[in-house]
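First comes the structure, then the notes that go with it.
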Number of protein chains: 2
Amino acid sequence: MDLDRSQNSDRETIESILRDAGLRPTRQRMALGRLLFAGDDRHITAELLHAEVTSEGEHVSLATVYNTLHQFRRAGLLREIAIESNKTYFDTNTSNHNHFLIEPDGELMDIQSDCISIDGLPEPPEGMRISHIDVVVRLVRED
Amino acid sequence: MDLDRSQNSDRETIESILRDAGLRPTRQRMALGRLLFAGDDRHITAELLHAEVTSEGEHVSLATVYNTLHQFRRAGLLREIAIESNKTYFDTNTSNHNHFLIEPDGELMDIQSDCISIDGLPEPPEGMRISHIDVVVRLVRED
DNA sequence: ATTTGTGCAAATCGTTTGCATCTGA
DNA sequence: TCAGATGCAAACGATTTGCACAAAT
């Protein structure tokens, strides 16, 4: 289930998101959390987030951005997106959903999961179970 | 469509695969091509392929392995696999199919595409068309 | 002969880590 | 107070690149 993010812009909500995840609401995490969890769902990289927080006048070191993104992911606040890229993309939408990938520029768009159904999956091998299914629909510009 | 690889082990077949792709059949490309296109479909990284070709006693520099893998991909002989990993994986099976990903060790298994059907995809945005759909089914060991 | 490919080492890029310092509970 | 968090710079691993040399048509 997705959180209602309509009011996430205020400090208190971000703070409780962090506390609920067992993370101390430090200045850096609050700043990053506000960028990530307030407003719409986002697809973002560490470098990009670092640039954003910096342009707000907040100082957060790049290493801390990396560390924080992984902490958020471990806490279930972010999900890593599987696309072929040398960079790691994180998605603030942790509910089941899938992606359109605009090939030429690498831009991502959400596809709501309830649209999509997958049939005919073979049984997983003995002793394994499906944890999650990722669907990436690659788009190219029509010529 | 998949090539019949049952006889790809001989020089002539590899050579014609390369020529058809517009690539000169150099010693290095032949050695890599034989490893990739003879026998079963494979999921491989540059480092791994370099280790293989080296252990055969052939000398191909790592840079050439990287360059060659990308040439093969551009020629449509390989496909890059979309998984979240710091390494780039290539698939010698360029037909439409999908993957099981064994989470703990990152191992990949093919799922034949004709098993799977995807319903309920929304229309792509104006001026875009679907080039390819990747499905990755993540597996974890049952506890 | 001319184009194309290769090897090597250095450069680059994204990311992680070690460690001294600082901060929140 | 003191575990936990951060910053910095150095380390790292995967990949790319520049350029002199070699091989293919």
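No experiment lies behind these values; they were computed from the predicted model shown. Per chain, numbering begins at 1; letters A, B, ... match sequence-line order.
- Residue side chain R24(B) reaches the base of dT3(C) through a donor-acceptor N/O pair under 3.5 Å, judged by distance alone.
- Atom CD of E84(A) is separated from atom P of dG14(C) by 17 Å (rounded to the nearest Å).
- To the nearest angstrom, P of dT6(D) lies 11 Å from NE2 of H59(A).
- For R29(A), no side-chain nitrogen or oxygen approaches OP1 or OP2 of dG24(C) to under 4.0 Å.
- The CZ-C1' distance, from R27(A) to dA25(C), rounds to 18 Å in whole Å.
- The CG-P distance, from L48(A) to dC13(C), rounds to 16 Å in whole Å.
- Computed from coordinates, the L23(B) CG to dT3(C) P distance equals 19 Å when rounded to whole Å.
- Side-chain N/O atoms of T88(B) include one lying less than 4.0 angstrom from OP1 or OP2 on dT15(D).
- Between the CD atom of Q71(A) and the C1' atom of dT6(D) there is a distance of 10 Å, rounded to whole Å.
- Atom-to-atom, OH of Y66(A) to P of dA9(D) comes out at 17 Å; the value is rounded to the nearest Å.
- Defined by atom type and a distance below 3.5 Å, a donor-acceptor pair is present between the side-chain atoms of H43(A) and D110(A).
- Nucleotides of DNA chain D nearest to H70(B) and T26(A) differ in position, and the one nearer the 5' end is that of T26(A).
- Between H97(A) and D91(A), the side chains place a donor N or O and an acceptor N or O closer than 3.5 Å (distance only, hydrogens not considered).
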Inset, instruction - Could you check L77(A) against T94(A) for side-chain contact (heavy atoms from CB on, under 4.5 Å), going step by step and ending with a plain yes or no? - result: CA-CA 7 Å; L77(A) 300 175; T94(A) 57; 5.8 Å; no
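- A salt bridge is absent between E84(A) and R79(B); no separation between the charged side-chain nitrogens and carboxylate oxygens falls under 4.0 Å.
- Place V65(B) and T45(A) on DNA chain C by their nearest nucleotides, and V65(B) ends up nearer the 5' end.
- Ring geometry, F37(A) versus F72(A): the interplanar angle falls from 30° to 60°, so the pair is classed tilted.
- Atom pair L62(B):CG and dA10(C):P shows a separation of 15 Å (rounding to whole Å applied).
- Among the heavy atoms of the strands, none lies under 4.0 Å from H50(B).
- Heavy-atom distances to DNA chain D give each of A63(B) and K87(B) a nearest nucleotide, and the one nearer the 5′ end belongs to K87(B).
- Proximity of S61(A) to the phosphate of dC8(D): no side-chain N or O atom is located under 4.0 Å from OP1 or OP2.
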